[in-house]
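Sequential numbering from 1 along the given sequence is applied to the chain's residues.
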Amino acid sequence: MQSFMLLMLYSHLSGKESFYAMEAALTDENLQTTLGFSSISVSQLSRKNNDVDQAILSSLF
C-alpha cells in the first residue's frame with residue numbers, strides 16, 4: 001500500500017493523468033527501485049486504487 005501511495009503522489013506531482021502514464025513511468029529502473037515496484041500493470045494499478053479508502057486519496061489530492 002505504501003508503494004502505491006508513493007506512486008500516486010509521484011504521479012500527481014509529475015502530472016501523470018492516467019494509469020497508462022503511471023505504468024509507462026515505471027519503466028525507469030531508478031523509479032521502480034525508489035518506489036519498491038519491480039513492475040506493475042494498468043489492471044493491477046486499477047485494483048490497488050479500488051482497494052484504497054477514497055477518503056484518503058481525496059484528502060491528499
Side-chain angles (χ1 to χ4, degrees):
M1 175 76 89
Q2 180 182 1
S3 294
F4 178 73
M5 295 305 290
L6 288 172
L7 177 60
M8 293 296 285
L9 183 58
Y10 165 80
S11 297
H12 177 71
L13 294 174
S14 62
K16 307 288 185 257
E17 295 186 5
S18 69
F19 290 140
Y20 289 102
M22 293 165 66
E23 178 189 43
L26 286 172
T27 60
D28 180 331
E29 289 183 22
N30 291 327
L31 181 60
Q32 284 181 21
T33 301
T34 300
L35 296 178
F37 287 104
S38 58
S39 68
I40 194 163
S41 69
V42 171
S43 61
Q44 290 170 316
L45 288 170
S46 179
R47 282 193 298 273
K48 287 188 181 289
N49 188 62
N50 288 335
D51 290 341
V52 173
D53 182 352
Q54 297 302 306
I56 293 171
L57 293 177
S58 179
S59 66
L60 284 175
F61 305 109

**Item:** Check: Q54 side chain, V52 main-chain N or O, donor-acceptor pair, under 3.5 Å
**Value:** yes

**Request:** Inspect the surroundings of NZ in K48 and state if more than 12 heavy atoms from other residues, nucleotides or ligands are less than 6.0 Å away.
**Result:** no

**Request:** Determine, step by step, whether L57 and N49 satisfy the side-chain contact (heavy atoms from CB on, under 4.5 Å) criterion, reporting the C-alpha distance in whole Å, the side-chain angles of both residues, the deciding distance to 0.1 Å, and the verdict.
**Result:** CA-CA 9 Å; L57 293 177; N49 188 62; 3.4 Å; yes

**Prompt:** How many angstroms lie between CD in E17 and NE2 in H12, if you round to the nearest 0.5 Å?
**Reply:** 11.0 Å

**Nearest atoms (heavy-atom pairs only) where Q32 meets S38** = OE1-O, 2.8 Å

**Prompt:** What's the shortest heavy-atom distance between F37 and S3, and which atoms?
**Reply:** CE1-O, 3.5 Å

**E23 side chain vs S41 backbone, donor-acceptor pair below 3.5 Å** = no

**Asked** How long is the span from the CG atom in D28 to the CG atom in L35, to the nearest 0.5 Å?
**Response** 9.5 Å

**Atom pair OH (Y10) and NZ (K16), whose distance is rounded to the nearest 0.5 Å** = 4.0 Å

**Exercise: identify the closest heavy-atom pair between L45 and F19** = CD1-O, 3.6 Å

**Item:** Heavy-atom side-chain proximity of I56 to M5 below 4.5 angstrom
**Value:** yes

**Item:** Side-chain donor/acceptor of S46 to backbone N/O of V42, under 3.5 Å
**Value:** no

